[in-house]
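Comments concern the structure below.
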Amino acid sequence: MSENSKEKIVIAGAGLVGAMAACFLGRRGFEVEVYESRVDLRRHDISAGRSINLALANRGIYPLEQLGLMDRVREMMIPMRGRMIHDPKGEQNFQPYGQSEDEVIYSISRGDLNRLLLDAAEQTGNVNIHFSHRLDSVDFDTNSAVFINEETGSEVDVDFTRLVGADGAGSRVRAALVAAQDGSDSLEPLGHSYKELEIPAGRDGSFQIEKHALHIWPRGGFMLIALPNLDGSFTVTLFLPNKGEPAFETLQTREAVSRFFDEYFPGVDGLIPGLVDDFFANPTGKLGTVRCKPWHIADKAILIGDAAHAIVPFHGQGMNCGFEDCAVLDECIGQHGPDWHQVFAEYDRLRAPNGEAIADMALENYVEMRDSVNDPQFLLKKAIGFELQKRWPDLFTPRYGMVMFQRIPYAEAQRRGEINQQILDRLASGIESVEEIDWDLAETLVKKHLGSTALTA
């Protein structure tokens, strides 16, 4: 019997991150009990109201590789090589994410990936998953939790040695953990919400718009995006303010919705049969940022994924950041176990600053996606950044590339990104094209400000 089997680890939440955590912990030989409020998505359709597909990038791929799952995951992925920008006149402009063939992100089905992780967790032989069990309360004095069986209404008392909170933005584990230590906990609403629609596949199963791109219809204060699915369809998401004009509060009639899409997204209605019907049938999702401190309590419990750091989806990093949490937690166990005080403290030290950094960068990326992608100065600076990367690849990497295609800490990507921006602002001042750059000045700035911290990851 494994020494780790003496540890009973309870995970609240069997979504993507909770299921991955169960894979890592089960693989180490721990006795793992997972409790999930929803029904088993492998046997029921529960996709309504949540993003159907997500963007998988390097940070999320690495933990999947560590678990030996990437061969199966690759079958689910569609590479997106850049942004396809749709302007109000119907013109399209492709903006690549990077300069090399491997600088891509991947559209992947949330449900399919979650199913794979649930199966993989159970296949460790150490993980039991209890569906339709909603967390009601946690008592850290007795190391116990109460779950409500949603099918019977009965209470289930569960003892734990360690508790992992993977129960999402509204985490009850987080509420209990923060309250027990007089910590801080906030949910910052964005003031914008989202609505999902779908562009179906063509009659022959073909993609109606470019398959290998993340499509964006940027309109300043709001936008529409579309990600490809394996069946030829696209999941379309409208991001829009809650109040004002235009806003969700003003789209209350069929006529208002039709006018809105005709004015701001001409041609989209031809891609989405029944657009107006779907608009009213599909739920409106809320957006916000969770910030809390600390992320752990002694050697008793820890937070991962959205429970610790729910962020807005505009950098495509929510899932990737949560997966990275799992890999870092596993590394901390490998280095410091069985000293759980040290495991949890080190995890908190490593991850909390990075959670803050990606939360901020995700908010900034919303402005970029809905507005800046049409700004000539933004496009000039992006082109300059690519050229700097070509000339000094060990020193200059665009911030987007550091976040999406590398695994350096988010906080470091944020810090270096601020330096990058100062360099780009200086080089772009007073010019209109890359050909006008003062390359002697560029070399001086790059080596002076970035030379001592060459990227190694």
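If you read the sequence from its start, that first residue is 1, and numbering goes on from there.
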TODO: Kindly indicate whether a cation-pi arrangement holds for Arg370 with Phe239, taking the cut-offs as under 6.0 Å to the six-membered ring centre and within 45° of the axis.
DONE: no

Open item on the list: Is the distance between the ring centroids of Tyr347 and His296 under 6.0 Å?
Closed with: no

- [ ] Please test Asn242 against Leu190 for side chain to side chain contact (heavy atoms under 4.5 Å, CB included), starting from the C-alpha separation and ending with a verdict.
- [x] CA-CA 9 Å; Asn242 298 327; Leu190 181 62; over 6 Å; no

Open item on the list: Working note: Leu56 + Asn320, criterion side chain to side chain contact (heavy atoms under 4.5 Å, CB included); need CA distance, chi angles, decisive distance, verdict.
Closed with: CA-CA 7 Å; Leu56 179 65; Asn320 293 285; 3.7 Å; yes

Task: Criterion side-chain contact (heavy atoms from CB on, under 4.5 Å) against Asp325, the qualifying member of Leu303, Ile304, Asn354 - done: Ile304

Task: SB check Asp360 Arg291 (cutoff 4.0 Å) - done: yes

Task: Arg399 with Glu418: basic N within carboxylate O range, under 4.0 Å - done: no

Open item on the list: How long is the straight-line distance from CZ of Phe279 back to CD of Glu196, given to the nearest 0.5 Å?
Closed with: 13.0 Å

- [ ] Answer yes or no: is there an ion pair linking Glu368 with Arg83, defined by an N-O contact shorter than 4.0 Å?
- [x] yes

Task: side chain to side chain donor-acceptor pair (under 3.5 Å) between Gln99 and Gln389, worked out - done: CA-CA 9 Å; Gln99 302 186 80; Gln389 186 180 25; 2.9 Å; yes

Open item on the list: I'd like to check Cys326 versus Val17 (side-chain heavy atoms, cut-off strictly below 4.5 Å). Are they in contact?
Closed with: yes

TODO: Quick one: sort the His315 and Tyr400 rings into parallel, tilted or perpendicular, breaks at 30° and 60°.
DONE: parallel

TODO: For Asn53 and Leu227, indicate whether the former's side chain and the latter's backbone hold a donor-acceptor pair under 3.5 Å.
DONE: yes

- [ ] Check step by step if side chain to side chain donor-acceptor pair (under 3.5 Å) holds for Asn126 and Thr124.
- [x] CA-CA 5 Å; Asn126 296 311; Thr124 66; 4.6 Å; no

Open item on the list: Between the side chains of Asp278 and Lys195, is the shortest nitrogen-to-carboxylate-oxygen separation below 4.0 Å, so that they form an ion pair?
Closed with: no

Open item on the list: Check this for me: Arg42, atom CZ, are more than 12 non-hydrogen atoms of other residues, nucleotides or ligands nearer than 6.0 Å?
Closed with: yes

Open item on the list: Please enumerate all residues that pass side chain to side chain donor-acceptor pair (under 3.5 Å) together with Trp340, with sequence neighbours excluded.
Closed with: Glu7

Task: Summary of ring-ring contact (aromatic ring centres under 6.0 Å, His included) pairs that have at least one residue in residues 351-372, sequence neighbours excluded - done: His192-Tyr366, Phe314-Tyr366

Task: Atom of Ala176, atom of Val138 and distance for their closest heavy-atom approach - done: CB-CB, 3.9 Å

Task: Note, Leu329 side chain near Phe24 side chain (heavy atom, < 4.5 Å) - done: no

Open item on the list: Can you classify the ring geometry of Trp295 versus His309 as parallel (below 30°), tilted (30 to 60°) or perpendicular (above 60°)?
Closed with: tilted

TODO: Show your working on salt bridge (Lys or Arg N to Asp or Glu O under 4.0 Å) between Arg351 and Glu324 and close with a plain yes or no.
DONE: CA-CA 9 Å; Arg351 294 306 292 163; Glu324 195 171 58; 3.1 Å; yes

Task: With Ala19 via side chain to side chain contact (heavy atoms under 4.5 Å, CB included) - residues at least two apart - done: Asn114, Leu117, Leu118

Open item on the list: If I take atom CG from residue Leu67 and atom CZ from residue Arg72, how far apart are they, to the nearest 0.5 angstrom?
Closed with: 10.0 Å

- [ ] Would you kindly check if the NZ (Lys) or CZ (Arg) of Arg59 is within the cone defined by 45 degrees around the ring axis of Tyr410 and under 6.0 Å from the six-membered ring centre?
- [x] yes

TODO: Flag the pair Asp330 and Arg28 as a salt bridge only when some basic side-chain nitrogen lies within less than 4.0 angstrom of an acidic carboxylate oxygen.
DONE: yes

